[in-house]
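Below is one structure; the comments refer to it alone.
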Amino acid sequence: MNANEFTLKSIRKAAHLTNRVSAKMSHFSARVEGKTTRLLSGIDMSVKVSKSTPLEKVYYANIPFIKPVMPAMPAVGSKSTITIFLPTLDNGAFFGGIATALVVAAKFALASRRQLRVVQTIKTGQHEDLSKFFLSEGIDVSNLDIAITSVADRQYNIYGYIPMHPDDIFIASAWWDAYIINQLPINKFIYLIQDFEPIFYNNSDLYVLSEKTYRGNKFIPLCNTRLMYDFMRERKYPAFNRTSAYYFEPAVSRIDSGQLHKKSSIDKKRLFLFGRPNVHRNLFFSALNAIDIAIQKGFIDTSNYEFFMAGQDDLPDISLPSGVAVKNLGKMKMADYIDFSKTVDIAVSPMMAPHPNYPTLEFASIGTAVVTTKYANKQSLKEYSENIFMAEVEAESMAEAIKLAAKKSYGRKIDDIKNNNIGSSWNKSLDSVIKKILAEL
Amino acid sequence: MIKDLVLDVSVIIAFKDKAKMTATAASSFTRFGPAVKEIVLISNNSSDSELQEVKNLTKDLPNVKVIERNVPFNYHKIYNWGIKQSSGKFVIMMNNDVELVEQSVGLIEKMYRKASKPGVGVCGCTLIYGDKRHIQHAGVFLQPKGMADHMYIGELYRDVISNVSSTKFPYDIRNDLKMTAVTGAFQLVERKKIDSVGGLDERFIIGGGDVDLCIRMNKKSYQTWFVGGGYMIHKESMSRRHIPIPYSDFYYSYLSYITGYDASVGDPFLPKITRNFKYGEQ
């Protein structure tokens, strides 16, 4: 090693060591910053910061999403709006509950000739072209008629304001948004009920607070599906037992994109699991067990089937004890997902909730045999489609349903499409009920 | 200064501790204000020592009485109660951090004359921060995208006077101006008129009730007026610490303010101030 080489290596070593030390320091200082921030904001109470802390500081540091939003005077020249509170528009594309809430709000805006205003309450998102999204759902709303705002950054000592025109109509879907809107100085709001949200929690403050939102009488309930409506009525919440409680059936049919493909005798069939372990009511692990049991019991001929799952990116392909691997397709683009759907012979889509989930209805609409789960008053989904097989929430019961789904022939599945009762037009789903609600407000 | 004329006015000043400041508020009347029927100092949960000091400091002032109302703080309840304990034909509701100064001479008399007119309700005036340079209050406007704010707050008094009729300072605070409201830090009103609307709304706790009072009186054809010329000192800090305002104050403020608001122009009395808060602009 010559002198130059030695010098360079020495410098490189020194730089490397400096780099490691600074990286450790940076990591350490970030942790210190995080810890002190949590201590000061009242989230972390491991160190006593002051003699006593105001209740609202501790309360809203730990349950930030119910921090009130302050009413404010409307802007000069503003007109009345349909204002929907949503957790965020961050996803770029909208699925499920958020997509439906946007559709409902847009339809109310069109029917009442008001502007649509979206208020993000949890996270300020980089929203995509909403007008384009609405068009894909068959609704024509110009971006010029859509205002997007956020109160997500509000804290216990930093107020979030919502300018309110006296004729604004408010819509909530998530329970915490209903909680906030319920506090605003308005007479009535529309509470879009898409789930019984207390079941998201253990017995806890959040359970109590979320359930409390159903007990008020300051809202008009609009339930997503008759089943959801019946479930709420059975619980005797006052607002749901009036004549002015409403429901609609979602327009989620995919039949316009085509039906289940017929496979040749050499093509393998496909079993698909709507797999989202982070959405607990989708019973991901019980469903995997159910597939394994179905294979072990010979309900599924593995030589004639491929196994897939999709819905979440950060999952490996999973090998079942029975020897087959379930391949994870992750979060698919909508167009790819729709194309793929038409190749799925059996879809396993559990939903431990009072309503049918959208994948169940979407798959059934194109002729796929779907296995889903019962819950409370949701005992049968035959009214939607004969292609839906109901199971109890245990894996063994789901395996039995997979057996029945596997037995159903392609011809019968396609035949049953014509008896389906799954909407494909939001106009048909919503126009009548929106008219009634607007008349009531 | 005409001291031989005693105005039929009860000055009501609530306080908690801060004996010197409270006594200064009262004594400033003797130096720069008119003679008034009485000055009623209401202690709200003051310490014994501070209360005693207030009594000591004001014992030589004419027509001052110190009484106690030891209930949980609610500005509106305390002043409503204070009005009932007083006897003047007119009442002044005043904060204990407000002080009359040389530039206040003649101002209360002017407000008194204004408030005596049949169609006039609450009267207020210019208040300057303790630095004696910046404006704290020159009337209240209903604020688009907010609730209510003070006109010209934080601006140099000198600038406001020397740039009258500019885009920034469209209204001349040396003139009397009709307003939506004036701050509760100093309000003068005829007793029978405030009684006719039931006094301050006690559903408010910390703030909002002063503006609400003016709006309700405006609706009853008792117009709120800002009386121009001269000023008092309001020793409120320019950089206020955060005082949590109960949500209910926002709730009731909205319900009240919206009734006095015009969405096409903003504040109906100060549209040149609110015209910049347009829809679609952040």
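Reckoned from all heavy atoms, side chains included, excluding hydrogens, waters and symmetry mates. Each chain gets a letter, A, B and so on, in the order its sequence line appears, and its residues count up from 1.
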### Steps toward side-chain contact (heavy atoms from CB on, under 4.5 Å) verdict (B:R275, A:V76)
CA-CA 7 Å; B:R275 65 187 166 195; A:V76 173; 5.8 Å; no
Sub-3.5 Å donor-acceptor pair from the side chain of [X] to the main-chain atoms of [Y], do we have one?
X	Y	value
A:Y159	B:I245	yes
B:Y247	A:Q183	yes
B:Y251	A:M70	no

Give a yes or no on whether [X] atom [atom1] has more than 12 heavy-atom contacts from other residues, nucleotides or ligands under 6.0 Å away.
X	atom1	answer
A:K188	NZ	yes
B:K193	NZ	yes
B:K18	NZ	no
B:K114	NZ	yes

Which heavy atom of [X] sits nearest to which heavy atom of [Y], and what is that distance?
X	Y	result
A:P185	B:Y254	CG-CD2, 3.4 Å
B:A263	A:P74	CB-CG, 4.3 Å
B:I258	A:M73	N-CE, 3.8 Å
A:A72	B:M147	CA-SD, 3.7 Å

### Task
Could you tell me which portion of A:I162 (side chain, backbone, both or neither) has an atom closer than 4.5 angstrom to a non-hydrogen atom of chain B?
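Answer is neither: A:I162 stays 4.5 Å or more from chain B.
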